[in-house]
Number of protein chains: 2
Amino acid sequence: MAKYQEIAAVLAKQIVEGDYRLSGKLPTEKELMDQFQTSRNTIRSAIGLLADQGYTYQVRGSGIYIKEINFDNSVNLNLVKGLTSEFREQVNQSKLLELSTVEATEELAKLFAISEGLPLYYVKRIRYLDQEPIRVEMTYYRQDIVPYLGKEIVEQSIYDYLTENLGLQIGFADRQISADYLTEEHAGYLNLQAKDPSLRIREKTYLTNGQLFAVATGVLHFEKITLFASGKVYQ
Amino acid sequence: MAKYQEIAAVLAKQIVEGDYRLSGKLPTEKELMDQFQTSRNTIRSAIGLLADQGYTYQVRGSGIYIKEINFDNSVNLNLVKGLTSEFREQVNQSKLLELSTVEATEELAKLFAISEGLPLYYVKRIRYLDQEPIRVEMTYYRQDIVPYLGKEIVEQSIYDYLTENLGLQIGFADRQISADYLTEEHAGYLNLQAKDPSLRIREKTYLTNGQLFAVATGVLHFEKITLFASGKVYQ
DNA sequence: TAGTGGTCTAGACCACACG
DNA sequence: GTGTGGTCTAGACCACTAA
């Protein structure tokens, strides 16, 4: 991990643990330079990461302020990480509904920019938070990038498996969010009624080299999960 | 505007106009340095802005790639700008439902970090896209920061008025997204049925100095609007 | 006025992609 | 191997906040 990423991780941990709750501010850039024995630009890169993640904002002439945001039961759309790490303590189960190999249809082949007929994994799971179903999730993975998926893996954190065991470098994800009626099938999984509202996320996940390797659709329990996003003004 | 912001604006315009469609890539950082006669870090700041806005991603050893994303009928959660500029040509109307001055209740006072009883503007509007209602929007503004709002303003772009006429420096917005049933009232505005799904955005908008000056709730037509968000992996 | 963050420069070395 | 972007340094000047 780069130095600025390590610094950001240290500061993020301190923020979460409430080390700066009294002042509501981080030390100044100058003080952080001394503390971490590094250049100003490196400190600024670290602070930039914190801002991107929704932890802080800076005010010229004044300092680095901590945002008081409650991320409970909320998925941060500015980040890419598994649900498991987003709700670290509480999400400990996935119920596997389907794990199969399918050939890329014309639509999927076009989406992934691969040839029609190439093999994809298809995974359908229910995710739980505090023993309650919160999300139905259907994902396709390119098999040339993810050569193996098994029941023992998809019932845990697929994200951890991809990054730690396969060494994949996940870079970014683009997401489209919408609301819709629940289908009878999904309502059953989520203990809701058909025609109830649902929050849908259509997600494309890319490696750092720009390769699209997973396409997912998530159907979320509208009463138990919200999304969070931080936006900036440009120009 | 800073040099890197101007460079980003030029490149964004070129991307939107399709100047790089053949290669799908921008020139290399080195070439951009020559082209804009500036240092590498300034170029990298500009490219960073484009990435934040969802236009591009970089691959080490390879280049700067353009994302092919269709933002049609989609609100980009990574940005803060008025609906009017998000859908520049098509959104040309707002129907004013209410414009009043209210005293901050205990809840609102706490949210804005102001004293109870201080005056706020309350604006309730319906926004249209291609003559169809797409969003009901209820917003509170701090009157000490927005000293005047009138019918002639709220039927146009409030965002433009705040930035251009009042000179407010809007910095960032935090948003919470959820799905819910439509109330009878909102269903009426959106030409939908009560109990249909709706996409809700609860938004807090801040000045660059960190002051919260507007709190809004948006109720979106679930069939006509989706949201877009780009997320990155950290560490 | 002193201190803070915002921008910019001109270098350096490294890790990775691609031919 | 060559070229690309990723990280890092050590400065400089400027714009803004706060006292």
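Chain A is the first sequence line, chain B the second, and so forth, proteins listed ahead of strands; every chain is numbered from 1.
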Heavy-atom donor-acceptor pair, B:Arg127 side chain to B:Glu137 backbone, under 3.5 Å: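 A pair under 3.5 Å: no.
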Whether A:Glu155 side chain and A:Glu152 backbone form a donor-acceptor pair below 3.5 Å: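 Answer holds: no.
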Residues A:Thr105 and A:Glu107: side-chain donor-acceptor under 3.5 angstrom: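 Absent: no donor and acceptor within the cut-off.
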Which part of the nucleic acid, if any, lies within contact of A:Ser45, taking any heavy atom under 4.0 Å across all strands shown: a base, the sugar-phosphate backbone alone, or nothing?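 Touches nothing.
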B:Ile47 near the nucleic acid: base, sugar-phosphate alone, or nothing, with a heavy-atom cut-off under 4.0 Å?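 No contact at all - B:Ile47 keeps every heavy atom at 4.0 Å or more from the nucleic acid.
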Can you figure out which of [options] approaches the side chain of [X] most closely?
X       : options             : value
A:Gln5  : D:dT7, D:dG6, C:dT9 : D:dT7
B:Thr28 : D:dT4, D:dT9, C:dC8 : D:dT4
B:Thr42 : C:dG5, C:dC8, D:dT7 : C:dC8
B:Glu29 : D:dT7, D:dG5, C:dG5 : D:dG5
B:Asn41 : D:dG5, D:dC8, C:dT7 : D:dC8

Please verify the inter-ring angle class for B:Tyr140 with B:Tyr122; under 30° counts as parallel, over 60° as perpendicular, anything in between as tilted.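 Answer is tilted, since the angle falls between 30° and 60°.
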Angle between ring planes, A:Phe172 versus A:Tyr206, binned at 30° and 60°: parallel, tilted or perpendicular?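 Answer is parallel, since the angle falls under 30°.
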Distances under 3.5 Å only, N/O to N/O: pair up the protein atoms with those of nucleotides 17-19 of chain C.
unit_1: C:dA17; atom_1: O4'; unit_2: B:Arg60; atom_2: O; d: 3.4

Please state whether the phosphate of C:dG5, meaning OP1 or OP2, lies under 4.0 angstrom from any side-chain nitrogen or oxygen of A:Arg44.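 Looking at the OP1 and OP2 atoms of C:dG5, neither is under 4.0 Å from any side-chain N or O of A:Arg44.
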Considering heavy-atom distances to DNA chain D, does A:Lys3 or B:Gln169 have its closest nucleotide positioned more toward the 5' end?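 Upstream on the strand: A:Lys3.
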Is there a side-chain contact between B:Tyr55 and B:Leu11, using heavy atoms and a 4.5 Å cut-off?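 In short, these two side chains do not touch, never coming nearer than 4.5 Å.
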Pick the nucleotide of DNA chain C nearest each of B:Ala2 and A:Lys30; which residue has the one closer to the 5' end?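 The residue whose closest nucleotide sits nearer the 5' end is A:Lys30.
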